[in-house]
J.: 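One structure, pasted below without further comment.
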Amino acid sequence: MNLNGRRESSNVSDRRSEGGGGGKKIGAGIGAVIIAAIIAWISGGNPLDVLISNAGSFTSGSSQVSQNYTPTEEEEELARFSRQILAGTEDVWTKIFARMGKEYEAPTLVLYTDAVRSACGDASASVGPFYCSADEKLYIDLSFFRDMRKTLGADGDFAYAYVIAHEVGHHVQHLLGILDEAHSQMNRVSETEANNISVRIELQADFLAGVWAYHDNEMFSSIEDGDLEEALDASMKIGDDYLQKRARGYSVPDSFTHGTSAQRSRWLKKGLSTGDLSQGDTFSIPYSSL
């Protein structure tokens, strides 16, 4: 990506020298699926065994306090990159919300190492990047990007930007009232139906990540050759079917909570190609048409 001269967001809380204990439930996003795959791939198990079906949530284990933490040069570069991408989401969504006659309230990005405490509960780094609507913050352990590259082969700055933009997409859903309504519906239906709603949530967040990229490129000429391929490759490698087949050789569609590789790629690409917020309704169309 071309980020030369781009500003860095000030809506960042750097807690990389802190840690915390937990065991509570938090809302999971794109990162949680990837980390689930990493854990399962290493242990030879099923990635979705790590998932809690209700709203794509994770239960963290105990966490440890980071002591004498000194960030590496790579981590500092990723921190700067994350601040720049967050700034880009602020610029884009502020503009889009203004067109709708609304005010965009930017989320805070929390950078942490090993463990973190959020309004949604305490979490270890194993859950991956996540968004907590209770405090309107995104949480990222930057080592996730290294694991994403080494374990899944999903690499490149635009692929990393997609991860951040997806979580910001959940924040946009929250501001528009979509996320809370969807979660409310999930509490009133069967597990399979709740999983289907979760898929709709995640695919829309993929679409919103694409919408951001479209407008960010329009505003800043940020997309370079190969960037689109990086993001689409990442979206293919985090599909529920891809992860399940990689872990155990077959998939169980009723257990999908984030969508297939084809679905995730399709909705991301739709956002990237149109930039049109009105085309991202994943809730009113038949599930089979997603």
Side-chain angles (χ1 to χ4, degrees), residues 1-14 29-31 74-100 102-111 128-132 136-142 144-145 148-149 154-176 202 204-235 264 267-277 279-280:
M1 296 183 70
N2 176 21
L3 298 176
N4 293 333
R6 295 284 295 273
R7 74 178 182 89
E8 299 177 33
S9 174
S10 60
N11 292 313
V12 177
S13 175
D14 195 336
I30 180 177
E74 179 187 26
E75 288 172 336
E76 285 300 277
E77 290 178 356
L78 286 171
R80 179 172 180 271
F81 169 82
S82 298
R83 291 191 295 267
Q84 287 181 310
I85 296 302
L86 184 65
T89 66
E90 293 166 354
D91 295 338
V92 166
W93 288 114
T94 294
K95 184 176 181 180
I96 293 177
F97 269 57
R99 289 176 180 172
M100 297 187 292
K102 300 178 181 292
E103 182 178 354
Y104 179 67
E105 301 173 5
T108 296
L109 171 63
V110 178
L111 302 178
F130 66 93
Y131 171 70
C132 174
E136 299 187 337
K137 294 178 180 179
L138 290 69
Y139 294 82
I140 298 179
D141 182 323
L142 295 173
F144 164 78
F145 293 119
M148 180 177 165
R149 177 182 69 250
D155 193 18
D157 51 7
F158 198 63
Y160 301 162
Y162 161 47
V163 171
I164 297 172
H166 175 99
E167 299 306 332
V168 173
H170 285 311
H171 178 64
V172 171
Q173 290 173 315
H174 168 63
L175 294 180
L176 295 177
E202 298 302 329
Q204 187 177 69
D206 283 338
F207 171 82
L208 294 173
V211 169
W212 161 74
Y214 175 96
H215 290 282
D216 191 84
N217 184 58
E218 191 176 59
M219 295 169 68
F220 303 109
S221 299
S222 54
I223 297 180
E224 299 179 316
D225 290 344
D227 283 342
L228 299 182
E229 290 76 10
E230 289 175 1
L232 292 173
D233 177 65
S235 68
R264 303 203 70 168
W267 282 97
L268 172 62
K269 191 173 182 179
K270 187 175 183 179
L272 280 165
S273 62
T274 68
D276 184 357
L277 193 61
Q279 296 193 39

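As the structure is a computational prediction, the values presented were derived from the model and not from experiment.
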J.: Do D276 and V211 come close enough that some side-chain heavy atom pair is under 4.5 Å?
T.: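 When only atoms from C-beta onward are counted, V211 and D276 do not touch, as no gap falls below 4.5 Å.
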J.: Rounded to the nearest 0.5 Å, what's the gap from CG on L175 to CD on E105? Could you check?
T.: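 Between L175 CG and E105 CD, I get 6.0 Å after rounding to 0.5 Å.
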J.: Only pairs under 3.5 Å count here: list side-chain donor-acceptor contacts from residues 93-100, not counting sequence neighbours, and write none if there are none.
T.:
from	atom 1	to	atom 2	distance (Å)
T94	OG1	E90	O	2.6

J.: Within the side chain of Q84, is there an N or O that forms a donor-acceptor pair under 3.5 Å with the backbone of E8?
T.: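 No: the side chain of Q84 does not pair with the backbone of E8.
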J.: Kindly state each residue pair satisfying side chain to side chain donor-acceptor pair (under 3.5 Å) with at least one member in residues 219-234, sequence neighbours excluded.
T.: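 Qualifying pairs, neighbours excluded: D216-S222, D233-K237.
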J.: Can you tell me how far apart CH2 (W267) and OG (S235) are? Round to the nearest 0.5 Å.
T.: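 Going from CH2 on W267 over to OG on S235, the span is 14.0 Å.
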J.: Applying side chain to side chain contact (heavy atoms under 4.5 Å, CB included), can you list everything that pairs with K137, at least two apart in sequence or on another chain?
T.: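 Counting only residues at least two positions away or on another chain, K137 forms a side chain to side chain contact (heavy atoms under 4.5 Å, CB included) with R15, T108, V110, D135, Y139.
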J.: Determine whether a donor-acceptor pair (N or O, by modelled atom type, separation under 3.5 Å) exists between the side chain of Q204 and the backbone of G280.
T.: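 Side chain of Q204 to backbone of G280: a pair is present.
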J.: How long is the straight-line distance from CZ of R80 back to CG of L3, given to the nearest 0.5 Å?
T.: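 One finds 8.0 Å between CG of L3 and CZ of R80.
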J.: In Å and rounded to the nearest 0.5 Å, what is the OH to CG distance from Y104 to D91?
T.: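 If I round to the nearest 0.5 Å, the distance is 10.0 Å.
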J.: In the structure I gave you, are the side-chain heavy atoms of F207 and L268 within less than 4.5 Å of one another anywhere?
T.: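 Not in contact.
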J.: Once you round to the nearest 0.5 Å, how far does CG of L109 lie from CG of L111?
T.: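 One gets 4.5 Å once the value is rounded to the nearest 0.5 Å.
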J.: Are K270 and D206 ion-paired here, with the side-chain N under 4.0 Å from a carboxylate O?
T.: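 Result for this pair is no, no salt bridge flagged.
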J.: Kindly indicate whether the side chain of E136, heavy atoms from C-beta on, has any atom under 4.5 Å from the side chain of H174.
T.: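 A side-chain contact exists here, since the closest heavy-atom pair is under 4.5 Å.
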J.: Got D155 and M148 here, is their nearest side-chain heavy-atom distance under 4.5 Å?
T.: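 No, side chains not in contact.
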J.: Tell me, do Y214 and V92 make a side-chain contact under 4.5 Å, heavy atoms counted?
T.: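 With C-beta onward as the side chain, the pair stays apart.
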J.: I need the single residue from H171, Q173, H170 that forms a side chain to side chain donor-acceptor pair (under 3.5 Å) with Y131. Which is it?
T.: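 The side chain to side chain donor-acceptor pair (under 3.5 Å) with Y131 is passed solely by H171 among H171, Q173, H170.
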